[in-house]
Amino acid sequence: RCHHTSKSQMCSCSKTISDEKYQDPFQLGRKDLKNLYEDIKKELLVSTAELREMCEYYFDGKGKAFRPMIVVLMARACNIHHNNSREMQASQRSVAIIAEMIHTASLVHDDVIDDANSRRGKMTVNQIWGERKAVLAGDFILSAASVALARIGNTTIISVLTQVIEDLVRGEFLQLGSKENENERFAHYLEKTFKKTASLIANSCKAVSILGCPDPKVHEIAYQYGKNVGIAFQLIDDVLDFTSCADHLGKPTAADLKLGLATGPVLFACRQFPEMNAMIMRRFSKPGDVERARKYVLQSDGVQQTTYLAQRYCHEATREISKLRPSPERDALIQLTDMVLLRDK
Ligand code: GRG
């Protein structure tokens with residue numbers, strides 16, 4: 001594994017980091033997320049036992065809770081920036097809950113589309129209950145998230161977070177299509193990456209910043225931080241699909257190739273091995289394509305280049321968030337960019 005950003009490298013790009021250092025940036029947000037899953041389950045009150053079991057299935061504490069963690073840290077960083085308030089508003093915590101619910105609904109639907117059998121080391125909802133019920137469970141989680149969103153009672157926040165749902169669907173559609181032209185292919189991949197992964201993080205960050213601070217410049221900082229971290233997160237996800245093992249990931253590896261998808265490592269590898277073009281065009285559908293493409297990627301510098309690109313996005317996220325007044329929460333968000341790059345699942 002080579003996706004390493006040395007601590008000194010990151011610190012040198014964020015000289016504004018305050019003296020207060022935390023071993024684990026997640027420690028700061030943990031108290032806000034203590035009852036996250038219990039509170040989500042309260043939103044999912046369903047009378048039918050089977051639907052309840054399906055909807056609660058992924059709220060078992062096995063996910064990384066990466067999105068709610070960013071959201072609560074961003075909320076506190078913006079509140080401190082605005083009026084030195086250390087309190088988080090109930091509406092901001094609701095955004096963290098809603099973000100995790102939208103994320104989970106999209107995972108349930110994604111697994112139906114991809115016909116996936118395993119996620120987080122356990123069987124998928126579609127594998128256990130079948131596709132039709134899985135679609136309905138995803139719909140139900142999304143509708144419960146919409147109810148919680150309406151309850152906040154702020155039309156700006158509603159439009160910011162409903163944009164995410166549109167982007168998720170458009171991102172999934174972009175993934176179903178492909179581009180013949182090599183240059184267009186990379187732009188298409190980055191647009192898909194923004195819509196499928198980064199929009200949720202960017203707009204959730206924006207939502208809590210709006211709730212915490214009236215300054216539009218702060219909303220833009222929060223959005224840009226979330227967007228850049230979100231894109232980096234997905235680029236590393238795409239790297240892990242080549243470099244990690246299935247047991248560790250909790251899902252099969254080379255899954256993207258098996259789905260016919262050319263992600264960052266493949267697109268970079270193709271510059272070194274143009275013979276991969278034909279495989280990309282036929283979506284790795286010929287017997288042996290997946291294995292050959294995987295070999296090419298690992299022989300090329302596709303993994304390193306994708307990691308380097310992720311580092312650049314994290315650097316940009318750090319640059320943006322450093323514009324906020326120093327606080328332990330702001331610094332935790334800076335440290336979190338390192339964790340995105342160094343994560344192994
Ligand atoms: C129903 C809202 C809705 C959308 C339908 C299917 C679809 C459109 C969108 C798919 C979006 C999707 C699943 C993107 C992948 C994002 C991603 C990187 C997921 C993995 O995130 P982790 O690693 O997962 O944070 P954990 O398991 O830790 O929660």
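Both ligands and their constituent atoms are indexed starting at 1 by order of listing.
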message = Between Arg185 and Asn277, do the side chains contain a donor N or O and an acceptor N or O under 3.5 Å apart?
response = yes
request  = Scan side-chain atoms only and decide if Asp238 and Gln234 contain a donor-acceptor pair under the 3.5 Å cut-off.
outcome  = yes
query = Is a side-chain donor-acceptor pair under 3.5 Å present for Asp111 with Gln127?
reply = no
Close N/O pairs between ligand 1 and protein, under 3.5 Å:
{"residue": "ligand 1", "atom": "21 (O)", "partner": "Arg67", "partner atom": "NH2", "Å": "3.2"}
{"residue": "ligand 1", "atom": "23 (O)", "partner": "Lys64", "partner atom": "NZ", "Å": "2.5"}
{"residue": "ligand 1", "atom": "25 (O)", "partner": "Arg67", "partner atom": "NH1", "Å": "2.7"}
{"residue": "ligand 1", "atom": "27 (O)", "partner": "Arg120", "partner atom": "NE", "Å": "2.7"}
{"residue": "ligand 1", "atom": "27 (O)", "partner": "Arg120", "partner atom": "NH2", "Å": "3.4"}
{"residue": "ligand 1", "atom": "28 (O)", "partner": "Lys64", "partner atom": "N", "Å": "3.0"}
{"residue": "ligand 1", "atom": "28 (O)", "partner": "Lys64", "partner atom": "NZ", "Å": "2.9"}
{"residue": "ligand 1", "atom": "29 (O)", "partner": "His103", "partner atom": "NE2", "Å": "2.8"}
{"residue": "ligand 1", "atom": "29 (O)", "partner": "Arg120", "partner atom": "NH2", "Å": "2.7"}

Modelled atom types, side-chain donor and acceptor of Ser199 and Asn203, under 3.5 Å = yes
request  = Decide if the gap between the ring center of Phe186 and the ring center of Phe268 is smaller than 6.0 angstrom.
outcome  = yes
key: Asp215 versus His82, side-chain donor and acceptor atoms under 3.5 Å   = no
